[in-house]
Amino acid sequence: MTSAVFENKSAIVTASGAGIGRAIALRLAADGAKVVVSDVDDAAGAETVELIREAGGTAVYHRANVASDDEVQALVRRAVEEFGGLDLAVNNAGIGAAPQPIQDQDPAAWQRTLDVTLTGTFLSLRAEIAYMLEHGGGAIVNTASIAGLQSTAGLTPYGAAKHGVVSLTQSAAIENADKGIRINAVAPGAVETAALANLPQEARDGYAAQIPMKRLAQPEDIAAAAAFLLSDQASFITGVTLPVDGGTLVRGS
Ligand SMILES: NC(=O)c1ccc[n+]([C@@H]2O[C@H](COP(=O)([O-])OP(=O)(O)OC[C@H]3O[C@@H](n4cnc5c(N)ncnc54)[C@H](O)[C@@H]3O)[C@@H](O)[C@H]2O)c1
């Protein structure tokens, strides 16, 4: 069963083979969008498409490594070919590096994290905005993190990349504010995706205890915020990074 919020809209969701990206793809499809599910894990991406179709939605899979300009350009072309345009995009791909003090950080891990998380978001925005500017505008959401709004010891590359995603969101929003393209970001706190779900219960309880709401976010919590920011309900909102963190940031440290 799908609703009409995004009826006749074409959407791309990067890294939607799992976790938050999958929840966003499912949510946009349930709200009526035709979704290009994209990932580098083909089996996982195909599974997301299957889940969308089983729920009565429309989706196709297209492999794209967001760190490759050619692949990102091809992803936008695929949305246009498949669904006749591109109205909505969620630039969700992001990876972290093993937590280390800065003097022990591996430069290669730094570079990988920046390539996917920051450059990937830049390349995605660049391709999507170029299309939307010529074809009636659109709405974009980037997946940032509370690590992009507050710095955490040990998370140097991830934190720097996510602060960069927040800055990209703001610059792109200002550049396009009067051109019919809104660009915002969601900033999740700890979300119960595979990485956290595989931790022992005690460790998960430990994370949850730090959060004012005393629970981890579910991927669907982040998807709901992304869907809101993409929708006409948010028609006067651009350039914001919306924490979806159960009160973590406002509590401070
Ligand atoms: N899980 C959390 O607690 C949390 C918190 C804050 C922010 N985030 C952010 O949310 C986003 C999604 O995280 P998640 O936890 O759902 O991840 P996940 O690990 O559950 O899924 C990540 C997906 O990204 C894909 N991917 C990896 N590299 C890619 C690339 N180069 N191009 C395209 N796809 C690629 C993977 O194949 C995988 O399917 C990331 O940007 C992450 O930084 C997550």
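In this text, all values refer to a predicted model and were calculated from it rather than measured experimentally. For ligands, and for the atoms within them, numbers begin at 1 and follow the listed sequence. These numbers come from the heavy atoms of this one structure, side chains and all, not from hydrogens, waters or symmetry mates.
Of all the atoms in ligand 1, the ones that sit under 4.0 Å from a non-hydrogen atom of Ala93 are 41 (O). When each atom of ligand 1 is checked for a heavy atom of Ala190 under 4.0 Å away, the hits are 3 (O). Less than 4.0 angstrom separates some heavy atom of Tyr158 from each of these atoms of ligand 1: 6 (C), 7 (C), 8 (N), 9 (C), 42 (C), 43 (O). Every atom of ligand 1 is numbered from 1 in the order shown, and the set under 4.0 Å from a heavy atom of Asp41 is 37 (O).
Within the 4.0 Å cut-off (strictly below), a protein heavy atom is located near atom 43 (O) of ligand 1.
Distance check, rounded to the nearest 0.5 Å: CD1 of Ile211 to CZ of Arg251 gives 8.5 Å. Expressed to the nearest 0.5 Å, how far CG of Leu86 lies from NE2 of His135 amounts to 10.0 Å.
When hydrogens are left out, the protein atom nearest atom 33 (C) of ligand 1 is Ala64 O, 3.4 Å; that is the closest non-hydrogen contact. Protein heavy atom closest to atom 3 (O) of ligand 1, with residue, atom name and distance, is Val191 N, 2.9 Å. Summary of contacts: the protein heavy atom closest to atom 18 (P) of ligand 1 is Ala18 CB, 4.5 Å. Nearest to atom 35 (C) of ligand 1 among the protein's heavy atoms is Val40 CG2, 3.6 Å. Nearest protein heavy-atom neighbour of atom 6 (C) of ligand 1: Pro188 O, 3.4 Å. Among protein heavy atoms, atom 5 (C) of ligand 1 sits closest to Gly189 O, 3.0 Å. The shortest contact between atom 20 (O) of ligand 1 and any protein heavy atom is with Gly19 CA, 3.6 Å. Nearest protein heavy-atom contact of atom 30 (C) of ligand 1 is Asn65 OD1, 3.8 Å.
Of all the listed residues (Val116, Asn92, Val186, Asn91), Asn92 holds the heavy atom that lies closest to atom 41 (O) of ligand 1. Compare Thr14, Ile24, Asp39 by their heavy atoms: the one nearest to atom 37 (O) of ligand 1 is in Asp39.
Under 4.0 Å from ligand 1, the heavy atoms of Thr193 that appear belong solely to its side chain. In Ala187, neither the side chain nor the backbone holds a heavy atom less than 4.0 Å from any atom of ligand 1.
Thr121 and Asn142 share no donor-acceptor pair across their side chains, judged by distance under 3.5 Å alone.
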Between Arg22 and Glu47, is the salt bridge (Lys or Arg N to Asp or Glu O under 4.0 Å) condition met? List the steps. CA-CA 9 Å; Arg22 173 176 282 178; Glu47 202 174 285; 3.3 Å; yes
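Between Val35 and Ala25, the shortest heavy-atom distance links the atoms CG2-O, 3.9 Å.
Arg204 CZ: more than 12 foreign heavy atoms inside a 6.0 Å radius. Annotation: Gln218, atom CD; neighbour count of heavy atoms from other residues, nucleotides and ligands within 6.0 Å is above 12. Counting non-hydrogen atoms of neighbouring residues, nucleotides and ligands closer than 6.0 angstrom, the CG atom of Asp178 exceeds 12 such neighbours. The number of heavy-atom neighbours closer than 6.0 Å to OH of Tyr207, taken from other residues, nucleotides and ligands shown, is 12 or below.
Side chain of Thr14 to main chain of Ser38: no donor-acceptor pair is present (N/O by atom type, distance under 3.5 Å, no hydrogens or angles).
The only member of Asp39, Asp42, Asp41 that meets salt bridge (charged side-chain N to carboxylate O under 4.0 Å, His left out) when paired with Arg63 is Asp42. Results of the side chain to side chain contact (heavy atoms under 4.5 Å, CB included) test with Thr117 over Asp115, Thr119, Thr113, Leu114 single out Thr113 as the only residue that passes.
In terms of polar-atom proximity, Ile20 is counted as a contact of ligand 1, with an N or O under 3.5 Å from an N or O of the ligand.
Residue Glu192 places no heavy atom under 4.0 Å from ligand 1.
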